[in-house]
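Structure record follows, encoded as structure tokens.
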Amino acid sequence: MIILTIRTDKPEAEIGLYEGDQQLAYVTWEAHRQLAETLHAKIKGLLDDQHKDWSDIEGIVCYQGPGSFTGLRIGLSLANALAASEQAAIVGSTGEQWIAAGLERILKGENQVVVLPEYGAPVHITQQKK
């Protein structure tokens, strides 16, 4: 089973590709304000390097927080859309061992269908000026 891992909660983004629980490749880059522009290309590059295609992804493990409001929304939006389009299982995970915990859940057949962010604090929305 090919599983993609995604973490976008901080300026340094991380993606990984696993076959079962064995890491095939892992990329970390300074995404910061270019996350939305670079995330798809980084995943495509990771897949190409492993001679895989989007349709090979059968599971997605994503870090769901706590972390950056915008970073989590970008990463989880991509992960949820990819899971839906490829009919891949998806789980959210947190903590230092988020990848191992998420891989274990996916390999046991768990599927959350949609992963929502956990920001770690209430979201502060600026009131619109009148």
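Model, not experiment: these values are computed from the prediction.
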Start with the C-alpha distance between Leu107 and Ile3, add both sets of side-chain angles, then the distance that settles side chain to side chain contact (heavy atoms under 4.5 Å, CB included), and finish with yes or no.
CA-CA 9 Å; Leu107 293 171; Ile3 302 169; 4.0 Å; yes
Spatial distance of atom [atom1] ([X]) from atom [atom2] ([Y]) [nearest 0.5 Å]:
| X | Y | atom1 | atom2 | result |
| --- | --- | --- | --- | --- |
| Thr8 | Ile74 | OG1 | CD1 | 7.0 Å |
| Ile99 | Gln97 | CD1 | CD | 9.0 Å |
| Gln64 | Asp9 | CD | CG | 11.0 Å |
| Gln87 | Ile57 | CD | CD1 | 13.0 Å |
| Leu4 | Ile106 | CG | CD1 | 10.5 Å |

Would you find more than 12 non-hydrogen atoms of other residues, nucleotides or ligands less than 6.0 Å from Gln50 atom CD?
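It does: Gln50 CD has more than 12 such atoms within range.
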For Glu30, does the CD atom sit with more than 12 other heavy atoms under 6.0 Å from it, leaving out its own atoms?
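Atom CD in Glu30 is crowded, with more than 12 foreign heavy atoms closer than 6.0 Å.
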Is the shortest side-chain heavy-atom distance between [X] and [Y] below 4.5 Å?
| X | Y | value |
| --- | --- | --- |
| Leu82 | Ile90 | no |
| Thr94 | Pro66 | yes |
| Ile15 | Leu39 | yes |

In terms of ring plane angle, is the pair Trp98 and Tyr63 parallel, tilted or perpendicular, where the classes change at 30° and 60°?
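Rings of Trp98 and Tyr63: perpendicular, as their planes differ by over 60°.
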Mind telling me whether Tyr26 and Tyr18 have parallel, tilted or perpendicular rings, with 30° and 60° as the class edges?
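Answer is perpendicular, since the angle exceeds 60°.
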Heavy atoms only: give me the nearest [X]-[Y] pair and the separation to one decimal.
| X | Y | result |
| --- | --- | --- |
| Leu103 | Gly20 | CD2-O, 3.9 Å |
| Thr38 | Ala31 | OG1-CB, 4.1 Å |
| Ser93 | Gly102 | OG-N, 3.8 Å |

Ile6 pairs by side chain to side chain contact (heavy atoms under 4.5 Å, CB included) with which of Leu76, Leu78, Val61?
Leu78
Keeping the roles fixed (side chain from Asp56, backbone from Asp53), state whether a donor-acceptor pair exists under 3.5 Å.
yes
Name all pairs fulfilling the side chain to side chain donor-acceptor pair (under 3.5 Å) condition that reach into residues 102-113, sequence neighbours left out, sorted by first residue then second.
Glu104-Lys108, Arg105-Glu110, Arg105-Gln112
Could you walk me through whether Asp48 and Lys44 pass the side chain to side chain contact (heavy atoms under 4.5 Å, CB included) test, one step at a time?
CA-CA 6 Å; Asp48 287 348; Lys44 177 76 169 112; 2.8 Å; yes
Taking only residues two or more places apart in sequence or in another chain, which ones pass salt bridge (Lys or Arg N to Asp or Glu O under 4.0 Å) with Glu58?
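Testing Glu58 for salt bridge (Lys or Arg N to Asp or Glu O under 4.0 Å), a comparison that skips the adjacent residues, returns none.
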Trace of the side chain to side chain contact (heavy atoms under 4.5 Å, CB included) decision for Lys10 with Ser68
CA-CA 6 Å; Lys10 52 191 177 180; Ser68 160; over 6 Å; no
Tell me whether Val27 shares a hydrophobic cluster with Leu24, the cluster being built from Ile, Leu, Val, Met, Phe, Trp, Tyr side chains joined at under 4.5 Å.
yes
Side-chain heavy atoms nearer than 4.5 Å, only ILVMFWY residues, links allowed to pass through others: does that put Ile60 and Trp54 together?
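Ile60 clusters together with Trp54.
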